[in-house]
Structures are given as structure tokens and as C-alpha cells.
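Chain A is the first sequence line, chain B the second, and so forth, proteins listed ahead of strands; every chain is numbered from 1.
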Amino acid sequence: MSEHKGVVPGLLKGLATTARTMTRHTSTQEYPDVRPELPPRSRGVIALLAENCTSCMLCARECPDWCIYIDAHKETIPAATPGGRDRQRNVLDRFAIDYSLCMYCGICVEVCPFDALFWSPQFEYAELDIRDLLHEKDRLGGWMDSVPAPAALDSGAADPAEVTAQRAPARPARVIRRSPAGAPE
Amino acid sequence: MSTLEVILRAAGLLAAFLLLPLLVGQTEHKVMAHMQGRLGPMYAGGFHGWAQLVADGAKFVQKEDIVPAAADKRLFRLAPALALIPYLVALAAIPVHPGFAVADLPGGALFVLAATSVGILGTLVAGWASANKYALIGAMRSAAQLIAYELPLALAVASVTLAAGTLSLGGIIEAWKPWWLLWQLPGALVFLVAAVAELQRPPFDMPIADAEIVFGPYTEYTGLRFAFFLLAEYGGIVVMSLLFSTLYLGGWRGPFDDLAGWAWTLLKGFVIALLLIWIRVSWPRLREDQLQRFAWLTLIPLALLQLAVTAVGVVLMGGSS
Ligand code: SF4
Ligand code: SF4
């Protein structure tokens with residue numbers, strides 16, 4: 001038809017491609033009617049396991065846009081034995097992530113040393129007002145249910161540390177012998 | 001023809017003109033979606049989104065009708081009607097059943113050609129009256145396009161009328177014989193390409209190229225007026241498809257055509273409309289100058305050649321008709 005050799009075959013190929021696609025199954029997911037099949041590691045929302053959190057603030061400090069808010073106070077635990085030392089621990093008062101700012105970079109999840117933050121594939125938390133996207137501890141904790149189980153280990157991998165510890169033979173109680181001088185050896 | 005019959009025919013024509021474009025539009029929605037691996041509308045009306053275009057219409061009606069301050073207001077308001085009505089008029093002259101067209105004209109082919117080429121004026125006027133640079137560029141592009149396809153279109157139709165020895169569309173259908181499919185094939189191809197260019201649909205949608213000049217002449221239009229332009233596009237597809245089947249595929253001819261002639265007309269027209277949709281989905285947009293080159297170096301020589309072949313054929317057969 002024109003001076004290029006490839007025009008007509010190209011046009012026919014275009015027609016053939018669209019016709020073939022029409023006979024195939026569509027790739028549309030009918031979302032509100034049918035749940036989408038998300039890969040287990042989808043980054044939907046960040047869930048908080050508050051029991052693990054030590055209020056160390058690492059996540060809040062590493063978050064690139066400062067959208068994690070943590071309030072904590074110290075509590076004194078009286079010594080268990082008379083003459084012992086009182087101990088202190090952090091109690092988490094508030095943990096909130098502002099999802100209107102969060103950019104789902106995952107740095108907080110990576111940086112948490114105590115496995116308190118997890119990715120969950122849950123994504124249905126749209127709001128009508130941007131201010132309602134600041135989610136508190138309870139809401140973040142609620143998403144823990146949707147966190148998928150961690151992937152199974154490779155068949156040849158070493159057992160996880162917890163399992164090894166469980167299997168190890170019970171150790172006899174350590175007896176501290178004291179030298180006549182009264183100082184530990 | 002009594003007054004009552006005139007009114008009945010006009011009402012029927014209007015109903016067909018409102019219904020058929022919707023049918024084509026909905027087909028385009030679904031066919032295009034499936035050709036792209038999608039589902040298309042699924043909700044409106046319940047069953048596979050059959051009422052999507054009705055819903056769209058209801059939406060267009062609710063939208064604010066904006067006329068830009070700098071626009072030429074009278075022309076701006078007039079343009080959608082100018083784009084729409086010619087196709088309605090053209091549809092009237094197309095024979096649907098043996099011995100029946102809404103308006104049976106002795107010079108039907110000429111009339112339809114003349115009417116459809118008025119439609120493009122709507123685009124030109126819209127582009128000029130909008131007082132918008134994109135609209136103006138779009139209008140200029142469609143003006144350039146007009147020169148490229150009007151001539152081949154007329155030549156292709158001239159070849160068919162020469163073969164049939166009549167300008168009446170009904171007469172062309174009666175004179176049509178299956179082997180014309182081959183005899184008139186180059187002309188048919190030229191007509192199809194020129195029709196796509198006239199309808200400003202991909203691959204010849206340079207005037208409205210939404211990735212380049214917003215929406216060309218329709219950029220400033222909103223609401224119902226915009227919907228009229230869309231209706232004109234799909235009405236144009238209906239008219240051009242029916243015209244193609246009338247000229248090249250024998251219109252209502254087919255088995256049992258004294259009973260089912262109208263069904264043959266609709267079926268053939270629908271197949272051509274499907275072809276137009278298919279082309280739209282498959283091919284990318286050309287540049288305006290590529291269309292010019294294609295028109296002057298390929299379409300017009302091809303149409304002239306067809307005319308010569310037809311003339312030789314007619315003389316050899318001792319002048320048909
Ligand atoms: S995902 Fe990134 S942006 Fe969001 S809270 Fe964690 S560190 Fe901040
Ligand atoms: S890094 Fe982990 S443990 Fe530390 S405050 Fe954040 S969530 Fe809690």
C-alpha cells in the first residue's frame with residue numbers, strides 16, 4: 001500500500017492480536033464482588049504488635065516523613081527480693097501512624113529490632129476525610145490478624161533459633177561454689 | 001404520501017437515529033474492552049452494563065452547560081446541531097427494505113454524500129467558535145483532513161453508481177451482483193478508509209487527538225452539547241456502515257429478502273460497524289501529513305483506477321442498467 005514494506009503485515013498483525021485477545025479470558029478482577037488475590041507480601045498496611053514494642057522510637061526516627069507518633073512513659077517495677085534493685089520499663093501509651101503521610105517505604109518495618117511492625121495485605125481503609133487516616137494503636141493492632149504467616153524455611157535450612165533452644169537438653173541448675181574467702185571463683 | 005405517513009416515518013427515523021448509535025456505542029464499549037483484555041461496563045442496568053450509555057446520557061444532562069466568555073456564542077451553540085443533523089438527514093435516504101427508505105430519493109447516493117460532508121462543518125464551526133487554541137488547531141486539522149478524504153470518497157461512490165447506472169441507492173442495490181464484491185473491491189477499500197477519516201476515528205482521529213490537543217474542537221464543550229458531538233460520531237458510524245453495505249454489499253439483498261430485507265440491512269451494517277471498532281482498537285493514530293500523503297499517493301490513484309476499471313467493465317458488458 002505504501003513505500004514501506006512492513007506496513008500491511010504490521011496492520012494485519014495488529015488486527016490479529018486484538019482479535020486473539022478478545023477470545024481469551026479477561027484479566028479484570030471484579031474487585032468489590034470478588035476479593036482480589038494479593039500476593040502474601042503485598043504492602044497494604046502496617047500492623048503493630050504492641051506487646052513486642054519497647055518504645056525504642058527507632059521507627060519514629062527513621063521514618064522519612066515523620067508520620068509515626070509514639071508516646072511512652074517509664075514505670076518502676078519494685079524489686080522482687082528485698083534489698084534488690086528496682087527496675088524500670090517503658091510503657092507504650094500511644095502509637096499512631098498517619099497514613100495520609102506514609103509513603104509505604106517499609107523502613108519502619110525493616111528497622112524495628114523487636115519485630116513489632118509487620119506488613120499486612122489489608123488495603124480497605126479509605127476514609128472520606130484525610131484527617132481520619134491517622135490510625136491509633138488499637139486499629140494498628142487489629143490488622144495483626146491479617147498478617148500472613150512467615151514463609152516456610154527452605155528444606156535444607158538450619159532450624160530456627162527458638163526450635164533449637166527448645167530441643168536442647170535441660171541444663172542442670174548452676175551451682176555457685178564459693179571459695180573460703182567468700183568471693184565467687 | 002399522507003401527512004400521517006410522513007409523521008410516522010419521521011418518528012421511526014428519529015427513534016432509529018437515537019437507538020442505533022447507542023447500540024454501536026455499547027458494542028464499542030464491550031468489544032473494545034474485551035479486545036484489550038478488560039470487561040468493560042458491568043454494573044449499569046445489571047446485566048453486563050447494558051445501560052451504561054443511558055447512564056452516561058443522564059450524567060451529561062446534569063452537567064453544567066458552559067459557554068466560554070470569549071466564544072462566538074451563537075456559533076458555539078449551533079455547532080453540535082450542525083454536526084448531528086446531517087447524519088440524521090443522511091440516514092433517511094438509506095434503503096432498509098426492498099422498496100422502502102424513509103425518503104426514497106432518485107439521487108440518493110449524491111444526497112447522502114452531500115449530507116454527510118456537511119457534518120464536518122460542525123467540527124470546523126465548533127473549533128472556530130470556541131476561542132481556544134487547541135480547538136482551533138483541531139479544526140484546522142479536520143479541515144486539512146476534509147480535503148484528503150472527500151475526493152476519494154466521491155470517486156469511490158462514483159464508481160459504484162457508474163457500475164449500477166443509477167444514482168438511486170435502491171437502484172444500486174437492485175443492480176448489485178455478488179461478483180461486484182471483487183470488481184468493486186479497490187473502491188470498497190478506498191471508501192472504507194475515507195469513511196474512517198470522515199468520521200475522525202482512529203487511526204485518523206488527528207483532529208481530536210486527545211493526547212496532543214486535549215480534545216480538539218470539542219475541548220470547550222460540556223454536558224449535553226458534548227453528548228451531541230459523541231452522538232454525531234456514533235450516528236456517523238451507523239450511516240457510514242449502512243452506506244457501505246448499501247453500496248458494496250448489496251444492502252437488503254440476501255435469502256428471503258422480501259421478508260427479512262431490513263434484517264439483512266441491519267446485519268451487514270452491524271458487521272461493518274464492528275470492523276470500524278476493530279480498526280479503532282488495533283491501529284495507532286497517524287499524523288495529519290501522513291494522511292495527506294496516503295490520500296494523494298494511494299487512495300486517489302486507487303479510486304481513479306477503480307473508476308477506469310468500472311468504466312471498462314460497463315462498456316464491455318454493453319452498458320448495464
Ligand atoms: S512505611 Fe515508611 S513512611 Fe510509612 S510509617 Fe513506615 S517508615 Fe514511615
Ligand atoms: S522500632 Fe519497633 S520496638 Fe521500637 S518503637 Fe518502633 S515499633 Fe516499637
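- The neighbour count for L12(A) CG, taken as heavy atoms of other residues, nucleotides or ligands under 6.0 Å away, is above 12.
- Residue-environment remark: CD1 (I77(A)) exceeds the threshold of 12 foreign heavy atoms within 6.0 Å.
- Taking non-hydrogen atoms and a 4.5 Å limit, the residue list of residues 34-43 of chain B in contact with chain A, ordered by number, reads H34(B), M35(B), Q36(B), G37(B), R38(B), L39(B), M42(B), Y43(B).
- Taking a 6.0 Å sphere around CZ of R43(A), one finds it holds more than 12 heavy atoms contributed by other residues, nucleotides or ligands.
- Counting heavy-atom pairs under 4.5 Å between each of G10(A), S27(A), A16(A) and chain B puts S27(A) at the top.
- Counting heavy atoms of neighbouring residues, nucleotides and ligands inside a 6.0 Å radius, atom NZ of K13(A) does not exceed 12 of them.
- Surrounding NE2 of H25(A) are at most 12 heavy atoms belonging to other residues, nucleotides or ligands under 6.0 Å away.
- The number of heavy-atom neighbours closer than 6.0 Å to CD of Q166(A), taken from other residues, nucleotides and ligands shown, is 12 or below.
- Identified by a heavy-atom distance below 4.5 Å to chain B, contributing residues of residues 108-122 of chain A are lacking entirely.
- Taking every heavy atom of both residues into account, L15(A) and W278(B) meet most closely at O-NE1, 3.1 Å.
- More than 12 non-hydrogen atoms from other residues, nucleotides or ligands lie less than 6.0 angstrom from CZ of R94(A).
- Taking chain B as the reference chain and counting heavy-atom pairs below 4.5 Å, the highest number among T17(A), T21(A), D33(A), T18(A) is found for T18(A).
- Surrounding OH of Y31(A) are more than 12 heavy atoms belonging to other residues, nucleotides or ligands, all under 6.0 Å away.
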